[in-house]
Amino acid sequence: MFHAAIEPDLLLRLFEHRHADALAAFFRDNRAHLTAELSWLVEPFSSADVQAYIQAGLDRFAANNGFRAGIWWRDQLAGCISLYSVDWNDRKASFGYWLGAAFQGYGIITRSCQAVIAHAFTELELDRLEIQCATDNQRSRQVAQRLGFQQEGILRQSWRRQGQLVDQVVYGLLRSEWSPTPAER
């Protein structure tokens, strides 16, 4: 199973069925904060939906098509980070992330992304990573920029959010552009 200890209080752990209660509580507590960007998190979001979400991540991992991991900070579920759409022929993938409202402002997502980037470029030997987010999602855009991703373009009306088509910005990072931190070397 995928597991990355970033620092003593911060780790990434592949979601497993044993995390269902913590994930359901997290979704319940953060619904208002997350539904703007997670269009699939709608009422009712049952325990069966949580189990299906976990299983889809496990299936992705088993198919060697990335992973869906919980971000655990100080033994609390703080968010999720996913590597997906792995194209082994072209050595590229996309990744995304979300964080609970109470966990913002601590650098958790930046450090978690750095770990995934290091894993993708060193362990998986990918050559390109991509992040897509709504053009008005300033927090996510700032994360991509802080990580060294380059804005590559705008996909017009490419994503349906709360029933409305919105534009997405595409950011890319090449392995040749990546500057690992000392801990990632």
Side-chain angles (χ1 to χ4, degrees), residues 4 6-7 9-13 15 23 25-43 45 53 57 60 66-74 76-86 92-121 126 128-181 183-184:
I6 299 169
E7 51 197 52
D9 284 346
L10 181 59
L11 41 110
L12 307 179
R13 195 177 328 163
F15 278 124
L23 188 55
F26 183 87
F27 285 150
R28 204 171 34 255
D29 294 345
N30 287 277
R31 183 177 309 279
H33 170 70
L34 295 175
T35 52
E37 298 302 323
L38 303 180
S39 57
W40 48 265
L41 185 59
V42 295
E43 294 283 354
F45 200 77
Y53 179 83
R60 178 186 298 164
F67 59 84
R68 181 178 291 151
I71 301 169
W72 302 86
W73 188 58
R74 297 182 179 165
Q76 293 182 38
L77 179 59
C80 175
I81 194 160
S82 297
L83 185 73
Y84 59 94
S85 298
V86 178
K92 64 183 181 178
S94 295
F95 81 99
Y97 40 82
W98 42 263
L99 201 59
F103 302 97
Q104 293 184 336
Y106 297 99
I108 294 169
I109 211 68
T110 300
R111 294 191 312 274
S112 298
C113 288
Q114 288 168 334
V116 170
I117 293 166
H119 175 75
F121 286 152
L126 298 179
R128 175 184 166 79
L129 289 173
E130 187 174 285
I131 295 172
Q132 292 182 17
C133 59
T135 55
D136 63 355
N137 186 341
Q138 291 305 314
R139 283 185 175 271
S140 191
R141 293 183 74 171
Q142 289 169 349
V143 168
Q145 293 163 359
R146 204 168 27 250
L147 294 166
F149 281 70
Q150 300 298 309
Q151 182 176 328
E152 297 181 336
I154 303 291
L155 301 174
R156 298 174 305 134
Q157 297 185 358
S158 64
W159 181 54
R160 191 168 300 280
R161 178 177 66 188
Q162 298 179 341
Q164 300 294 315
L165 285 170
V166 297
D167 296 346
Q168 288 184 293
V169 61
V170 178
Y171 290 95
L173 179 67
L174 306 179
R175 183 173 16 168
S176 61
E177 300 168 334
W178 174 57
S179 298
T181 65
E184 296 166 336

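For the atom pair OH (Y97) and CZ (R139), the distance works out to 12.0 Å, reported to the nearest 0.5 Å. Here the CZ atom belonging to R146 is positioned 10.0 Å from the CD1 atom belonging to I109, to the nearest 0.5 angstrom. Expressed to the nearest 0.5 Å, how far CG of L83 lies from CG of L129 amounts to 6.5 Å. Note that CG of L126 and NZ of K92 are 11.0 Å apart. Values are rounded to the nearest 0.5 Å.
Considering only heavy atoms from C-beta on, C133 comes within 4.5 Å of Y171 through its side chain. Side-chain contact between Q76 and F103 is present, with heavy atoms from C-beta onward closer than 4.5 Å. Side chains of I131 and S94 form no contact here, defined as non-hydrogen atoms less than 4.5 Å apart.
Closest approach of R111 to I6, counting heavy atoms only: O-CD1, 3.9 Å. Minimum heavy-atom separation, S112 to L12: OG-CD2, 3.7 Å. Looking at every heavy atom in both residues, S82 comes nearest to R60 through CB-NH1, 3.6 Å.
Looking only at distances, no side-chain donor or acceptor of R156 sits under 3.5 Å from a matching main-chain atom of V166. Distance alone, capped at 3.5 Å, places no donor-acceptor pair between the R141 side chain and the N137 backbone. A donor-acceptor contact shorter than 3.5 Å is absent between the side chain of R13 and the backbone of I71. Remark: side-chain polar atoms of Y84 are not paired, donor with acceptor, to backbone N or O of G96 under 3.5 angstrom.
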Would you please test F95 and S85 for side chain to side chain contact (heavy atoms under 4.5 Å, CB included) and show each step?
CA-CA 8 Å; F95 81 99; S85 298; over 6 Å; no

Using side chain to side chain contact (heavy atoms under 4.5 Å, CB included), reason through W178 and L174 one step at a time and then give a plain yes or no.
CA-CA 6 Å; W178 174 57; L174 306 179; over 6 Å; no

Assess the residue pair L23 and L77 against the criterion (side chain to side chain contact (heavy atoms under 4.5 Å, CB included)); give the C-alpha distance rounded to whole Å, side-chain angles, the decisive distance to 0.1 Å, and a yes or no.
CA-CA 7 Å; L23 188 55; L77 179 59; 3.8 Å; yes

Checking L10 against W72 for the side chain to side chain contact (heavy atoms under 4.5 Å, CB included) test, could you report, in this order, the C-alpha distance in whole Å, the side-chain angles of both residues, the deciding distance, and whether it holds?
CA-CA 6 Å; L10 181 59; W72 302 86; over 6 Å; no

Would you check, one step at a time, whether the test side chain to side chain donor-acceptor pair (under 3.5 Å) holds for E130 with Q132?
CA-CA 7 Å; E130 187 174 285; Q132 292 182 17; 2.9 Å; yes

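No more than 12 heavy atoms of other residues, nucleotides or ligands shown are found within 6.0 angstrom of CD on Q164.
The aromatic rings of W73 and Y106 lie tilted to each other, with the angle between the two planes from 30° to 60°. In this pair, W98 and F27 present their aromatic rings tilted. The plane angle is within the 30 to 60° band.
E152 and R128 are joined by a salt bridge, as a carboxylate oxygen and a charged side-chain nitrogen come within less than 4.0 angstrom of each other.
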